Amino acid sequence: MDDARNLDGEPLISFALARAATAFGRAVAQVYRGEAGLSGPEFAVIQILGAAASRRATSSEIVAATTMDKTKVSRAVASLAARGWLQRMRAETDRRYEFLSLTPDGEGAYATLVPHVRDVEESVLARLTEEERRNLSLGLLGLLRSFDARD
């Protein structure tokens, strides 16, 4: 399949990124959907909370970290709470905020899923040379930094 190209005949980076992200996302989704019955937003919330240094975050922080809209995050949080994988705690200093964290069951799911997701990632990335992997990592970090600077 030919890549979409701009008027100069160069490949459109946006098209290539979207294609790669979709394919990569589908491969990873087989793990969290198949093993835990999670939706993409639910897995994203688990990933953010499991990886957070403090092991907790607010919904607003999750929205910012994932670029999902508030409604998707809210639904994912409600679903994970109903499953018993997430707990909510009101902030002591400002009662308008609530901190979210994983319960022991949620921590267990995170600990089980992440290695399997990494295995899928590694199976895809293994097809790249070391230089391609390094450049991909640097390029993605630079692109994210660029978007963060725009906000």
Side-chain angles (χ1 to χ4, degrees), residues 3-4 12-128 130 132-151:
D3 289 336
L12 290 173
I13 292 173
S14 58
F15 180 75
L17 278 172
R19 252 182 91 200
T22 298
F24 209 78
R26 284 182 181 154
V28 169
Q30 289 178 347
V31 173
Y32 60 75
R33 280 195 183 112
E35 292 186 22
L38 294 172
S39 68
E42 290 166 339
F43 180 70
V45 169
I46 286 177
Q47 173 62 31
I48 295 298
L49 294 175
S54 66
R55 302 302 252 193
R56 67 181 195 174
T58 65
S59 288
S60 296
E61 290 169 334
I62 294 171
V63 166
T66 62
T67 69
M68 287 189 296
D69 63 51
K70 291 178 186 179
T71 303
K72 277 190 180 181
V73 170
S74 178
R75 287 182 183 146
V77 164
S79 175
L80 292 168
R83 266 186 134 153
W85 287 11
L86 179 145
Q87 61 189 354
R88 305 166 194 241
M89 297 157 291
R90 282 273 169 224
E92 297 280 327
T93 56
D94 189 339
R95 307 291 291 164
R96 293 175 296 171
Y97 295 100
E98 78 182 358
F99 289 103
L100 309 170
S101 63
L102 296 176
T103 63
D105 286 345
E107 289 278 353
Y110 174 76
T112 299
L113 290 171
V114 168
H116 297 164
V117 167
R118 286 209 172 113
D119 288 345
V120 170
E121 290 178 354
E122 183 55 35
S123 73
V124 172
L125 296 175
R127 298 176 191 132
L128 303 179
E130 282 302 314
E132 287 171 329
R133 287 174 81 144
R134 191 172 35 261
N135 289 338
L136 175 63
S137 181
L138 288 172
L140 289 173
L141 291 173
L143 187 59
L144 290 171
R145 188 177 56 252
S146 173
F147 280 111
D148 288 345
R150 291 177 59 186
D151 294 338

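Positions are given from 1, in the same order as the sequence printed here. Quick caveat, the model's predicted, so the values are computed rather than measured.
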Original post:
How far does CG of L141 sit from CG of L136, to the nearest 0.5 angstrom?
Top reply: 9.0 Å
Original post:
Atom CE in M68, atom OG in S74: separation rounded to 0.5 Å?
Top reply: 11.0 Å
If you define the side chain from C-beta out and look only at heavy atoms, does anything of [X] sit under 4.5 Å from [Y]?
| X | Y | value |
| --- | --- | --- |
| K72 | D69 | yes |
| L80 | L100 | no |
| Q47 | V114 | yes |
| L128 | R134 | no |
| S101 | M89 | yes |
| V31 | D119 | no |
| L38 | L113 | yes |
| H116 | E35 | yes |

Original post:
Quick check: are there more than 12 heavy atoms from other residues, nucleotides or ligands sitting under 6.0 Å from CZ of R118?
Top reply: no
**OP:** Answer yes or no: are there more than 12 heavy-atom neighbours, outside R83 itself, under 6.0 Å from its atom CZ?
**Re:** yes
Heavy-atom pair with the smallest gap, counting every atom of [X] and [Y]:
| X | Y | result |
| --- | --- | --- |
| R88 | A78 | NH2-CA, 3.6 Å |
| R133 | L125 | NH1-O, 3.5 Å |
| S59 | V77 | OG-CG2, 4.4 Å |
| L49 | A57 | CD2-N, 3.6 Å |
| P115 | Y110 | CD-O, 4.3 Å |
| I48 | A65 | CD1-CB, 3.7 Å |

**OP:** Please assess E61 against R56 for the test salt bridge (Lys or Arg N to Asp or Glu O under 4.0 Å), listing each intermediate value before the final yes or no.
**Re:** CA-CA 10 Å; E61 290 169 334; R56 67 181 195 174; over 6 Å; no
Test your reading of the model: is there a side-chain donor-acceptor pair from [X] to the backbone of [Y], 3.5 Å cut-off?
| X | Y | result |
| --- | --- | --- |
| S123 | V120 | yes |
| T22 | A18 | yes |
| T112 | G108 | yes |
| T66 | I62 | yes |

**OP:** State whether a side-chain donor-acceptor pair under 3.5 Å links T103 with Q87.
**Re:** no
**OP:** Inspect the contact between R127 and E122 and indicate whether a charged nitrogen and a carboxylate oxygen are less than 4.0 angstrom apart.
**Re:** no
**OP:** Not counting sequence neighbours, list each pair that qualifies as a ring pair (Phe, Tyr, Trp, His ring centres under 6.0 Å) and has a residue in residues 22-67.
**Re:** Y32-F43
Original post:
Who pairs with Q30 by side-chain hydrogen bond (donor to acceptor under 3.5 Å, both in side chains), at least two apart in sequence or on another chain?
Top reply: none
Original post:
Listed by chain and number, what are the ring pair (Phe, Tyr, Trp, His ring centres under 6.0 Å) partners of F99, not counting sequence neighbours?
Top reply: none
